[in-house]
Amino acid sequence: MVALDIPLSITGKTQVLGIIGDPIAHSLSPPMQNAALRALGWDGIYVPFPVRAAAVDTALAGLWALGVVGFNVTIPHKQAVMAALAEVTPLAQAVGAVNTVWRQEQGWAGTNTDVLGFVAPLQDWGHEALVPESSLAGHLPWSQRRAVILGNGGAARAAVAGCSQLHCGEIWVVGRDRNKLQSFAESWQDSPLCPTLQVASWDQLPALLPETTLLVNTTPLGMHPREDQSPVSPQDLAQLPSDAIAYDLIYTPSPTQFLRWATERGLHTIDGVEMLVQQGAAALEIWIHQPPPIAVMRHALKTHLGLA
Ligand code: NAP
């Protein structure tokens, strides 16, 4: 595992990629991206950069001056970094967060690959009822499916955008803080992406479940060190249609308590590992203009997480 983390040699020509965040020491992106660079034989290295909130602008100027090719952005800078970019894609503007930045002539440009990462395992699912509407013949289309997203933080924004790209018929977001939930709903009202988003409090969730065919957890409930927790109970899961998908954005542990109960209920389940792989692969392709070695990245990540 360690060998995958270290490039074979660093020379004067070695290019630098990286990730900024605070904290950053436990980021899973360096082992995953460095494994990909090694597999491609690309003369580059992906470095974690701890950057405090007050130093984001200075850090971006420094990364530019040092010739860094591009970088990821993680918590807590995904929103704050946008003001320092010369260009932000319409998708990232709609989501309100940037996680991938690359060099352009006039300055840094940014986009959001979390949306693509979120959607990828749904597209790859292969279940006949889950193919996008454009390619289906006589099966339940996404436009007749209700997606319910639990939580209204940063990851929920990528999930909303992803469900919108899939053309889900209804998109609901469930939150515990009425003011935050209201602001969340208002932030999408003028968006071309998801103007019809609906919000609900947790006590309204049971009424939504019988028609819900995609249930997404974006809360940290179930994440280490709260492995014994779940955003919903087995009784809640019993209310879902039998062809529903339970999708947990948490990648460690895998499976979470939520997904273990969903499996017992006989539902399709997706964990957060693939989203992490796919958002990273999309970022790498932007930086190096080559198809990313997705299998290598998935293996490196799972090895690092102890799942391989
Ligand atoms: P975040 O911005 O902090 O949002 C977390 C959301 O969960 C907030 O809406 C929060 O509600 C809610 N929440 C927290 N504790 C709760 C509780 N006890 N009961 C009900 N709701 C609760 O975090 P994030 O960046 O969206 O990340 C959320 C999760 O997604 C994390 O587990 C993260 O690891 C995962 N994630 C995975 C990927 C991936 O690639 N697989 C990518 C991004 C995130 P309040 O706003 O009311 O506090």
Side-chain angles (χ1 to χ4, degrees), residues 19 21-24 26-29 31-33 72-81 92 95-100 112-122 148-163 172-188 197 199-205 215-233 236 246-259 269-284 294 297-298 300-302 304-305 307:
I19 180 166
D22 182 25
I24 201 65
H26 298 291
S27 170
L28 297 166
S29 294
M32 180 173 73
Q33 297 288 8
N72 282 128
V73 183
T74 190
I75 291 171
H77 306 319
K78 286 185 177 185
Q79 288 83 32
V81 78
V95 175
V98 158
N99 79 327
T100 301
N112 188 308
T113 65
D114 284 334
V115 180
L116 187 151
F118 172 81
V119 169
L122 293 169
V148 172
I149 296 157
L150 306 173
N152 52 265
R157 301 194 69 84
V160 167
C163 289
W172 288 81
V173 166
V174 174
R176 60 180 176 173
D177 180 316
R178 283 184 190 280
N179 291 333
K180 283 188 188 171
L181 203 52
Q182 195 53 36
S183 310
F184 190 95
E186 284 166 7
S187 73
W188 292 94
L197 175 76
V199 294
S201 52
W202 283 87
D203 56 354
Q204 294 172 293
L205 178 62
L215 182 62
V216 184
N217 177 37
T218 75
T219 78
L221 293 168
M223 187 170 70
H224 177 78
R226 289 187 277 182
E227 283 99 337
D228 57 337
Q229 297 184 5
S230 166
V232 290
S233 66
D236 292 326
Y247 190 167
D248 201 334
L249 265 49
I250 293 171
Y251 40 79
T252 181
S254 177
T256 53
Q257 182 65 68
F258 167 45
L259 294 189
T269 61
I270 303 172
D271 67 21
V273 172
E274 196 61 16
M275 176 174 171
L276 200 56
V277 171
Q278 297 284 348
Q279 62 79 30
L284 186 60
I294 292 176
M297 298 175 83
R298 187 181 294 120
L301 185 61
K302 286 190 168 183
H304 202 77
L305 288 169
L307 301 172

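As the structure lists them, so they are numbered: ligands from 1, and atoms in each ligand from 1.
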Novice: What's the verdict on side-chain contact (heavy atoms from CB on, under 4.5 Å) for K78 and D114, showing C-alpha distance, side-chain angles and the deciding distance?
Specialist: CA-CA 11 Å; K78 286 185 177 185; D114 284 334; 2.8 Å; yes

Novice: Give the numbers and elements of all ligand 1 atoms closer than 4.0 Å to a heavy atom of I75.
Specialist: 25 (O)

Novice: If we count only N and O atoms by modelled type, under 3.5 Å, do the side chains of S187 and R157 hold a donor and an acceptor together?
Specialist: yes

Novice: What protein heavy atom sits nearest atom 14 (C) of ligand 1, and how far away is it?
Specialist: P220 CD, 3.3 Å

Novice: Between Y251 (side chain) and M275 (backbone), is there a donor-acceptor pair under 3.5 Å?
Specialist: no

Novice: Do ligand 1 and I250 have nitrogen or oxygen atoms that lie under 3.5 Å from each other?
Specialist: no

Novice: Report the member of T219, I149, L221 with the shortest heavy-atom distance to atom 19 (N) of ligand 1.
Specialist: L221

Novice: Within a strict 4.5 Å, meaning less than it, do heavy atoms of the V173 and W188 side chains meet?
Specialist: no

Novice: If you have a sec, work out which protein heavy atom is nearest atom 42 (C) of ligand 1 and how many Å separate them, to one decimal?
Specialist: M275 CE, 3.8 Å

Novice: Can you confirm, on distance only, whether ligand 1 has an N/O atom lying under 3.5 Å from any N/O atom belonging to V273?
Specialist: no

Novice: Write out the residue and atom name of the closest protein heavy atom to atom 28 (C) of ligand 1, then the distance separating them to 0.1 Å.
Specialist: T218 O, 2.9 Å

Novice: Any nitrogen or oxygen of G153, main chain or side chain, under 3.5 Å from a nitrogen or oxygen of ligand 1?
Specialist: yes

Novice: For L221 versus S230, what's the shortest heavy-atom pair and its separation?
Specialist: CB-C, 4.2 Å

Novice: Distance check, rounded to the nearest 0.5 Å: L181 atom CG versus W202 atom CH2?
Specialist: 11.0 Å

Novice: Report yes if A155 has an N/O atom closer than 3.5 Å to an N/O atom of ligand 1; otherwise report no.
Specialist: yes

Novice: Is there a protein heavy atom at a distance of less than 4.0 Å from atom 23 (O) of ligand 1?
Specialist: no

Novice: Determine, step by step, whether S201 and Q204 satisfy the side-chain hydrogen bond (donor to acceptor under 3.5 Å, both in side chains) criterion, reporting the C-alpha distance in whole Å, the side-chain angles of both residues, the deciding distance to 0.1 Å, and the verdict.
Specialist: CA-CA 5 Å; S201 52; Q204 294 172 293; 3.1 Å; yes

Novice: Starting from atom 38 (C) of ligand 1, what is the nearest protein heavy atom, named by residue and atom, and what distance separates them?
Specialist: L249 O, 3.9 Å

Novice: Side chain or backbone, does K78 bring an N or O within less than 3.5 Å of an N or O on ligand 1?
Specialist: no

Novice: Would you sort out whether R298 and Q278 count as a side-chain contact (heavy atoms from CB on, under 4.5 Å), showing the intermediate values?
Specialist: CA-CA 9 Å; R298 187 181 294 120; Q278 297 284 348; 4.0 Å; yes

Novice: Name the residue from D271, I270, L276 that meets the side-chain contact (heavy atoms from CB on, under 4.5 Å) definition with V273.
Specialist: D271

Novice: Out of curiosity, H77 NE2 to I24 CD1, how far, rounded to the nearest 0.5 Å?
Specialist: 8.0 Å

Novice: Quick one: nearest non-hydrogen protein atom to atom 2 (O) of ligand 1, plus distance?
Specialist: G154 N, 3.0 Å

Novice: If you count the atoms of ligand 1 from 1 in the order shown, which ones are under 4.0 Å from a heavy atom of K180?
Specialist: 45 (P), 46 (O), 47 (O), 48 (O)

Novice: Looking only at protein heavy atoms, identify the closest one to atom 10 (C) of ligand 1 and say how far it is in Å.
Specialist: R176 NH2, 4.2 Å

Novice: Working to the nearest 0.5 Å, report the span between CD1 of I19 and CD of Q33.
Specialist: 8.5 Å

Novice: Which residue supplies the protein heavy atom nearest to atom 32 (O) of ligand 1, what is that atom called, and how far is it?
Specialist: M223 SD, 3.2 Å

Novice: Out of curiosity, S27 OG to N72 CG, how far, rounded to the nearest 0.5 Å?
Specialist: 8.0 Å

Novice: Check ligand 1 against G272 and write out every atom of the ligand that is under 4.0 Å from a heavy-atom position of the residue.
Specialist: 39 (C), 41 (N)

Novice: Mind checking whether N152 has an N or O less than 3.5 Å away from an N or O of ligand 1?
Specialist: yes

Novice: What are the atoms of ligand 1, with element, lying closer than 4.0 Å to any heavy atom of L276?
Specialist: 40 (O)

